[in-house]
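Before any comments, here is the structure.
Both backbone and side-chain heavy atoms feed into the values below; hydrogens, waters and symmetry mates do not. Each ligand, and each atom within it, is numbered from 1 in the order the structure gives.
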Amino acid sequence: MAKNKPRIGILTGGGDCPGLNAVIRAVVKAAFMRGWETVGFRGGYEGLLPPAQYCALDYKQLGGLLVMGGTILGTSNRGRFAAKTGKEGQVNRLAPKILADAQATAKRLRLKGLICVGGDGSLTIAQQLFEAGIPVVGVPKTIDNDLEATVMTFGFDSAVCCATDALDRLHTTAESHNRVLVLEVMGRHAGWIAVSAGISGGGDIILIPEIPFRYESICAKIREREKMGKHFTIVVAAEGARQSGGGLVVQDAAAKDREVRLGGLGAVVAKEIEKRTGKESRVCVLGHLQRGGGPTSFDRLLCTRFGARAVQLIADAKFGHMVALRPPDTVAVPITEAIGRLRKVPVDGDLVQTGRALGISFGD
Ligand code: F6P
């Protein structure tokens with residue numbers, strides 16, 4: 001690393017998603033164009049702690065990042081930097097020693113700015129680092145698309161494309177066998193992936209956390225389709241959806257160092273449908289396929305815009321801010337505007353209305 005060049009840092013935190021490497025590439029390249037150098041911290045925020053795990057990111061030596069899935073820096077959504085824990089996702093305050101250690105690393109490496117790429121949890125950490133005096137800038141990431149203050153996070157479009165492709169495939173097999181097929185998708189406590197892929201992929205019933213469902217309604221829709229001569233039905237179930245008056249279906253309860261793990265709703269729904277309608281039903285859990293692989297062209301573009309804008313924010317000393325998409329532009333917003341409150345699918349909004357206009361049932 002050069003002795004006197006301005007230097008910035010970047011890290012990726014929380015669950016991975018398509019496009020993280022595209023952001024890293026854009027940041028490194030935009031910094032290089034300004035004559036700055038970039039270091040990347042490994043393993044999310046953990047890389048900041050002594051002895052500090054980092055590497056120089058030399059643009060001339062990087063290749064293929066724009067299309068590569070995952071993150072070359074590694075990431076983590078649990079451990080000492082877990083921002084949210086407990087049943088209701090309480091915010092953890094970082095220990096003063098951890099904040100001081102992270103700050104010492106930033107100082108020792110003479111960081112002009114530190115770009116933290118993450119979702120709600122990771123940006124909650126970023127805000128705490130900023131309040132402790134580290135010159136932080138945020139980039140909003142998550143397939144869940146549940147962050148406030150930006151119209152879209154990167155990774156979301158790639159996840160929706162993956163789920164839509166799965167629905168296309170499930171359609172043909174569902175129709176061949178006259179079955180009900182339930183696709184369980186991710187999204188945590190927001191239904192953005194389910195409603196977007198559900199409409200794009202021609203789903204018949206979409207279950208989202210924002211609209212509690214009733215089996216009577218789901219089965220009525222299936223019977224209505226039968227009467228119309230449609231002997232198969234596609235159900236898209238967001239992992240965080242719940243029956244009216246019921247609870248979340250979880251794989252693992254929350255722990256001290258991580259949030260609750262959702263999953264299993266699809267199987268519950270498929271079983272109940274089969275019991276009530278007598279129709280053969282199957283479930284497909286898309287799981288981490290939604291997070292793997294490279295970004296779509298939409299996400300590549302968004303990541304590149306976000307990365308370039310984040311470097312600009314450092315140049316403008318807009319610390320404590322996050323880049324956000326406010327079409328047609330990318331803008332800077334205080335990180336505090338993005339965290340602490342999840343952005344949910346509006347139940348009377350355009351997406352749900354579009355679905356209802358087409359006869360899609362939301363199970364209510
Ligand atoms: O927040 C992204 C996400 O993929 C959620 O949609 C999902 O509930 C969760 O992460 C899964 O986390 P993990 O990879 O720890 O199982």
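For atom 15 (O) of ligand 1, the nearest protein heavy atom (residue, atom name, distance) is Asn77 ND2, 3.1 Å. Looking from atom 10 (O) of ligand 1 to the surrounding protein, the closest heavy atom is Arg291 NH1, 3.1 Å. Given atom 6 (O) of ligand 1, the protein heavy atom at minimum distance is Asp144 OD1, 2.7 Å.
Ion pairing of Lys141 with Asp120 is absent here, as no side-chain N (NZ or NE/NH1/NH2) approaches a carboxylate O to less than 4.0 Å. Look at Glu272 and Arg276 and you find a salt bridge, because one of the NZ, NE, NH1 or NH2 atoms lies within 4.0 Å of a carboxylate O, short of that distance. The pair Lys344-Glu210 fails the salt-bridge criterion, with no side-chain N (NZ, NE, NH1 or NH2) lying under 4.0 Å from an Asp/Glu carboxylate O. Comment: Arg179 engages Glu280 in a salt bridge, judged by a side-chain N to carboxylate O separation of less than 4.0 angstrom. Under the 4.0 Å criterion applied to side-chain N and carboxylate O atoms, Lys318 and Asp316 are not assigned as salt-bridge partners.
Compare Arg188, Glu239, His189 by their heavy atoms: the one nearest to atom 8 (O) of ligand 1 is in Glu239. Comparing heavy-atom distances from atom 13 (P) of ligand 1 across Lys141, His288, Gln251 singles out His288 as nearest.
Between Leu262 and ligand 1, a contact under 3.5 Å exists for no N or O pair. Ligand 1 has no N or O atom lying under 3.5 Å from any N or O atom of Thr142, backbone or side chain.
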Margin query: Test ring pair (Phe, Tyr, Trp, His ring centres under 6.0 Å) on Tyr215 and Phe213; report intermediate values, then the result.
Written below: CA-CA 7 Å; Tyr215 283 110; Phe213 65 82; 5.4 Å; yes
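Close approach to Ile143 involves these atoms of ligand 1, each under 4.0 Å from a residue heavy atom: 4 (O).
Under a 4.0 angstrom heavy-atom cut-off, Gly187 registers as being in contact with ligand 1.
At a 4.0 Å heavy-atom cut-off, ligand 1 does not touch Gln290 at all.
The closest donor-acceptor contact from the side chain of Asn21 to the backbone of Ile72 lies under 3.5 Å.
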